[in-house]
Participant: 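I'd like to ask some things about the structure below.
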Amino acid sequence: MNQEDRGGERRLAGVRNTLDGFREFLMRGNVVDLAVAVVVGAAFTNIVNSVVEGVINPLVGAFGTQDLDAYESCLRGDCAAGEGIPIRWGSVISASLTFLITAAVVYFLMILPMTRYLERRKARQPVEPEGPTDVELLAQIRDELVALRAGSTTDGGAVAVGAQRPAPGPEAGDGPEGQGSDGAR
């Protein structure tokens, strides 16, 4: 096999790995949920725009023009002649109203009912007792270590791992039998 064939195989394996990773990315639940949300959001935007154009703009039109985009101020010069610099604040108000209506509908028709549903579902589940806190666990470990140390001095001199050895007292004697287990004093 020559060098070019090996390089082609490596590139093909790299492409396969990349495509496998891309497929796994697409199959994640989050990507599919996001795609559905974008499609629903696009359709929902048409509904909100219809409400703004069909309901909000006529209400505003009762006090002025029906088209909010027609509200503008001229910064400099004559805007009617096309020489000035127009500030179209009406379109900003229209976009703001569209955003507020969208946010309100999403909150009141989607978020609030879902939150209430999840709270009811959580309330139906049995409450599991909470485990001991870190401080309580450490206190239990400390108590067990103290009990091990206390037991090591009364069981014939056997010392548990990690427990302190008792110091030899005057009753130990002066002979080699009275020395510690390592033979040193």
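Residue numbers start at 1 and run along the sequence shown. Side chains are part of it too, since the values below use all heavy atoms of this structure and drop only hydrogens, waters and symmetry mates.
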Participant: Hey, is the main chain of Gly90 close enough, under 3.5 Å, to the side chain of Ser94 for a donor-acceptor pair?
Facilitator: no
Participant: Between CG of Asp143 and CG of Leu148, what distance do you get to the nearest 0.5 Å?
Facilitator: 11.0 Å
Participant: Output the distance between atom CZ (Phe44) and atom CD1 (Ile101), rounded to the nearest 0.5 Å.
Facilitator: 9.5 Å
Participant: Where do Pro58 and Gly54 come nearest, in terms of heavy atoms and distance?
Facilitator: CG-O, 3.2 Å
Participant: What verdict does the side chain to side chain contact (heavy atoms under 4.5 Å, CB included) test give for Val92 and Arg88, after you've listed the backbone C-alpha separation in whole Å, the side-chain angles of each residue and the deciding distance to 0.1 Å?
Facilitator: CA-CA 7 Å; Val92 173; Arg88 293 184 178 94; over 6 Å; no
Participant: Minimum heavy-atom separation for Cys74 and Gly84, please, with both atom names.
Facilitator: SG-CA, 3.9 Å
Participant: Can you hop from Leu109 to Phe99 via hydrophobic side chains spaced under 4.5 Å?
Facilitator: no
Participant: Under a single-linkage definition using a 4.5 Å side-chain heavy-atom cutoff for Ile, Leu, Val, Met, Phe, Trp and Tyr, are Leu97 and Trp89 assigned to the same hydrophobic cluster?
Facilitator: yes
Participant: Would you find more than 12 non-hydrogen atoms of other residues, nucleotides or ligands less than 6.0 Å from Asp20 atom CG?
Facilitator: yes
Participant: Working to the nearest 0.5 Å, report the span between CD1 of Ile85 and CD of Glu72.
Facilitator: 12.5 Å
Participant: Please check if Tyr71 and Leu100 belong to a single hydrophobic cluster, counting links between Ile, Leu, Val, Met, Phe, Trp and Tyr side chain heavy atoms closer than 4.5 Å.
Facilitator: no
Participant: Which heavy-atom pair separates Phe108 from Pro113 by the least distance, and what is that distance?
Facilitator: O-CD, 3.4 Å
